[in-house]
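Source: prediction; values computed, not measured. The figures that follow rest on heavy atoms only: side chains count, while hydrogens, waters and symmetry mates do not.
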Amino acid sequence: MLAQPYQLYVERRDASRNMARFYAMSIEQTLFGQACLIRRWGRIGAHGQSMQHSFDRENEAVQLFLDLLRQKRKRGYRPKGKPISSDSSTHEG
């Protein structure tokens, strides 16, 4: 059983570049007791793509979840409705 729920939905919007993307992740337990990290991404309003990663230990799934979260934040993804502040030192790399 998972220690706690892990869910994330973030967006990246840039009207000048006609960019409207989403990225969603969750960690769920499989029928066999494994931790499964499920990722979905694509253009907002579209079904997008998905990928699943299975782990024997929950902490491995959580580590990947946190690593991906850091990567997305660096690229400008933010929770829905929260714009990137103009004083942010985050730049796409």
- Query: Does a side-chain heavy-atom distance below 4.5 Å link Glu60 with His53?
  - Reply: no
- Evaluate the side-chain proximity of Arg43 to Met19: yes if any heavy-atom separation is below 4.5 Å, no if none is. no
- Mind listing the closest non-hydrogen atom pair of Pro79 and Val10 along with its distance? N-CG1, 3.9 Å
[X] side, atom [atom1]; [Y] side, atom [atom2] - distance, nearest 0.5 Å:
X	Y	atom1	atom2	value
Glu58	Gln34	CD	CD	13.0 Å
Arg12	Lys72	CZ	NZ	9.0 Å
Tyr6	Leu64	OH	CG	12.5 Å
Ser26	Gln52	OG	CD	9.0 Å
Gln7	Phe65	CD	CZ	8.5 Å
Leu68	Met25	CG	CE	5.0 Å

- Which of parallel (below 30°), tilted (30 to 60°) and perpendicular (above 60°) describes Tyr9 and Phe22? parallel
- Query: Is there a donor-acceptor contact under 3.5 Å linking the side chains of Gln71 and Asp67?
  - Reply: no
- Task: Decide side chain to side chain contact (heavy atoms under 4.5 Å, CB included) for Gln63 and Leu37; before the verdict, give the C-alpha distance in whole Å, the side-chain angles of both, and the deciding distance to 0.1 Å.
- Result: CA-CA 10 Å; Gln63 186 60 52; Leu37 174 64; over 6 Å; no
- Query: Can any side-chain N or O of Arg21 pair as donor or acceptor with the backbone N or O of Ile44 at less than 3.5 Å?
  - Reply: no
- Is there a path from Leu8 to Ile38 through hydrophobic residues (I, L, V, M, F, W, Y) whose side chains come within less than 4.5 Å of each other? no
- Query: Can you list the steps and then say if Arg40 with Met51 is a side chain to side chain contact (heavy atoms under 4.5 Å, CB included)?
  - Reply: CA-CA 7 Å; Arg40 287 189 329 114; Met51 182 180 290; over 6 Å; no
